Amino acid sequence: MPTPDVHAYLEAQQRKSLLRFITCGSVDDGKSTLIGRLLYDSKLLFEDQLAALTAESKKNGTQDGDLDFALLLDGLAAEREQSITIDVAYRFFASDKRKFIVADTPGHEQYTRNMVTGASTADLAVILIDARKGVLTQTRRHSYLVSLMGIRQVVLAVNKMDLVGWSRETFDAIVADYRQFARKIELENVRAIPMSALHGDNVAMRSANAPWYAGPALMEELDAVEIDETRRARGPLRMPVQWVNRPNLDFRGFAGQIAGGRVRPGDKVRVTPSGKTSAIARIVTKDGDLAEAVAGQSVTLTLTDDVDCSRGDVIAAADDAPEAADQFEATVIWMAEDELLPGRSYWLKIGAKTAAAQVTDIKYKINVNTLEHLAGKTLDLNEIAVCNVSLDQPVAFDRYVQNPDTGGFILIDRMTNATVAAGLIHFALRRAQNVHWQAMDVTRESHAALKNQRPAVLWFTGLSGAGKSTIANLVEKKLNALGKHTALLDGDNVRHGLSRDLGFTDADRVENIRRVAEVAKLMADAGLIVLVSFISPFRAERQMARELVPPGEFFEVFVDTPLAEAERRDAKGLYKKARAGQLKHFTGVDSPYERPENAEIVVDTMRLDAAAAAELIVSRVLAQR
Amino acid sequence: MGLTHLDRLEAESIHIMREVVAEAERPVMLYSIGKDSAVMLHLAAKAFYPSSPPFPLLHVDTTWKFRAMYEMRERMARELGFELLVHLNPEALAAGINPFDHGSALHTDIWKTQGLKQALDKYGFDAAFGGARRDEEKSRAKERIFSFRSANHRWDPKNQRPELWRLYNAKKHKGESFRVFPLSNWTELDIWQYIYREKVPIVPLYFAAERPVVERGGALIMVDDERMRLAPGERPAMRKVRFRTLGCYPLTGAVESQAETLEAIIAEMLTSTTSERQGRVIDHDQAASMEKKKQEGYF
């Protein structure tokens, strides 16, 4: 190719757009074949690969020696055998108009998690159907997830049409069946294409085998559909601030990727959640200031006023800013082996903001196959539910359907740091807006001063029978004798009242601890030294309790008694019952106890008796004030 | 007119770099001096402008890079305002590890793999940018953008985090770290197009020129300096060659080429695809295209 042509070619290449899509279906539907075919037809296979594919097809192929495109993606099959988790593989090809990124989500067991991940960045979904089989449960499941994740463009690829003799009746019946279901789940833009991925019919080019079909081939459709970023550019301005750019005292820029709308110098903006208004001064880039920037661009904005704005805030259109709330309803897709525990504190990341959050209530679970609503107290891997979510501070957000970048969030386990869930925000809960914090005239400091003490929470944790209650009782007596004002919250006693509606499942234990932690906090606010005696087996909940009170006021007291010793003592006969199977979820027997890693005080009951332990604790607590 | 694919790839890479800087305590950019590194550097300069990129460059050196690469390294660090750290594995240096006596596998492992871990530990980096792309080979197609590593730099494929939307989970415990790949979604062709569009400086070895080479096992090896050991009877000859990838010079083969400009390089890359378009696929010389495919990294 002579150089002048390259020049023209490069100019044309530079005007290409980028479309991301996801393919849904199993290998049986011809998904790998379709992807292989797209790569082949867009000339991204080289001679040697074809030679290898030809040889491989003869040897291992399923197509009687013809090219078996599924083999191209076989690297993944091998990995599956090695039990490496494959969730999403990304592949690349291009047409003359567009570059494409395909999210390919193999595997069946973790399909929901994988598909949701792949779908989160997709503009379009290709849903494959085997023409011989029609709309299956799996088709409905994929379609529901596509709809849930807000993908607006769907191609229904009715594949293997060659095996039904290119029957128009078969195609029409499948499409009619599918459209009826699609309407129910609000999938509106569905383009149905009769196809044979194996032979390339209606993939890159229209096929003569279906003269009755007047629509586009798949590639034409991929070239034509609207890219979601273009839609978002028509919405109001949203830019989550990622990083404050401060090279010197004269420059303060806010760096981020525009998630919605467009922006020009002079535009009025509102910084949320604070609500402060200002105007855009400059759109700074290394290649010079811009007159305008649109959704999708990464820019640095400067404002005309010195308003407070930091990472996690959203710079938004002044007259159409996002809501800010600390409670909302959302769809939560659970992605971890460990179940979701309502009441447990997780990190929630939305845009560039990370806050502590808990799922306060599972309203209902959704069966992805039947769309039925089910009751549930926890969520397992790949389960989906509509939940109420509560945060420790207000964050700016949009409804997910309006803007996935400002309405989608992830939940992160605070102990393992794993990403455990994806969330799609529906709306703020009204009570978040209507229940305000009442400012107190008598502060916690004045409460404490009146009692001539510093408030504290002594959190006794350990196995059942470790000696927590005995020691806590002694500590309280000693503090009392020293003129200190105290309160003692005991696990058994609280379960007779405050938590009498709760059982002993992990979910109920978490909720029980949450209640007690909140009560302890209120009592500490009133100036008391609060003693809490609870097994509290999970680190996450002890951490939550710790974070409710000011630093330095929380003392985690680990009453360390080996399981064998606690079981030997068995003052209440509980271990015996648990071992006999009469007590379920008993800590240490069939429910885990997570040992504290950084307890302020550790009491080794094999070396200290209760009185000595109490003496130690009192001296340590009083010494630190 | 919407954003082009290069605009969007650029914006995504910048977004990723800013997330790392906002969340990591001590990030670093691994710099290999090749074309992908060149693009990564260029993007980093854009991402933090008008500030200088708030992390150093780390070159895990082997002492066996082409001289032109060392010149490029110094020049880029200076021009883009990076602090440049060069790490040489002291054990490899002491043992005189080299590709001639120890073979390429050992050479690479000791200098590069072990060297990298040493450097990351030495400086306490908790996030390291790398220029790897998902299109380089089949197995990389599923690699995360934020690739989590345990305290002893291990990659646990079962413990990688799902990446949704533009949300990256950069939480970690002390001692743990991330490798971050801002060019994950770029292809080989995107890289060349971007270099062309942005006039990104690259090492001159990518362009064809008369260079002294010897032929070994079908590869053309450039005689870059006197350390190149010649086999008995081996005599360097001047050939017009260029490099498609750059590594340690006795291990990196050149290809014969007339491509002296970016346009010509891209044209050369496209020839094989063009020939496929014209349906002459199977007639082509298989060995040549195998090499091409691998070096260009389409798959």
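All values derive from a computational prediction rather than experimental measurement. The sequence lines fix the lettering, A, B, ..., with proteins before strands; numbering per chain opens at 1.
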Item to check | Aromatic contact, A:W334 with A:Y346 (centres under 6.0 Å) | outcome: yes
Next on the checklist: So for A:Y90, is it side chain, backbone, both, or neither that comes closer than 4.5 Å to the heavy atoms of chain B?
Outcome noted: both
Next on the checklist: Report which part of A:R262 has an atom under 4.5 Å of a heavy atom belonging to chain B: side chain, backbone, both, or neither.
Outcome noted: neither
Item to check | Any side-chain donor near an acceptor of the partner, B:Y206 and B:W192, under 3.5 Å | outcome: no
Item to check | Side chain, backbone, both or neither of A:T230 within contact of chain B (heavy atoms, under 4.5 Å) | outcome: neither
Checklist entry - Non-hydrogen atoms of chain A under 4.5 Å away: do they reach the side chain of B:Q193, the backbone, both or neither? => result both
Item to check | Structural part of A:I410 lying under 4.5 Å from a heavy atom of chain B | outcome: both
Checklist entry - Centres of the B:W186 and A:F92 rings: under 6.0 Å? => result no
Next on the checklist: Looking at B:E23 and A:R311, is there a salt bridge between them, counting it only when a charged N and a carboxylate O are closer than 4.0 Å?
Outcome noted: yes
Checklist entry - At a heavy-atom separation under 4.5 Å, does A:T416 approach chain B through its side chain, its backbone, both, or neither? => result backbone
Checklist outcome for this item: The interface call for A:R246 against chain B, heavy-atom contacts under 4.5 Å, is backbone
Item to check | Proximity of A:W347 and A:F409 rings by center, below 6.0 Å | outcome: no
Checklist entry - Using non-hydrogen atoms only, which part of A:V299 is less than 4.5 Å away from chain B: side chain, backbone, both, or neither? => result backbone
Next on the checklist: Which atoms of A:N248 are under 4.5 Å from chain B, going by heavy atoms: the side chain, the backbone, both sets, or neither?
Outcome noted: neither
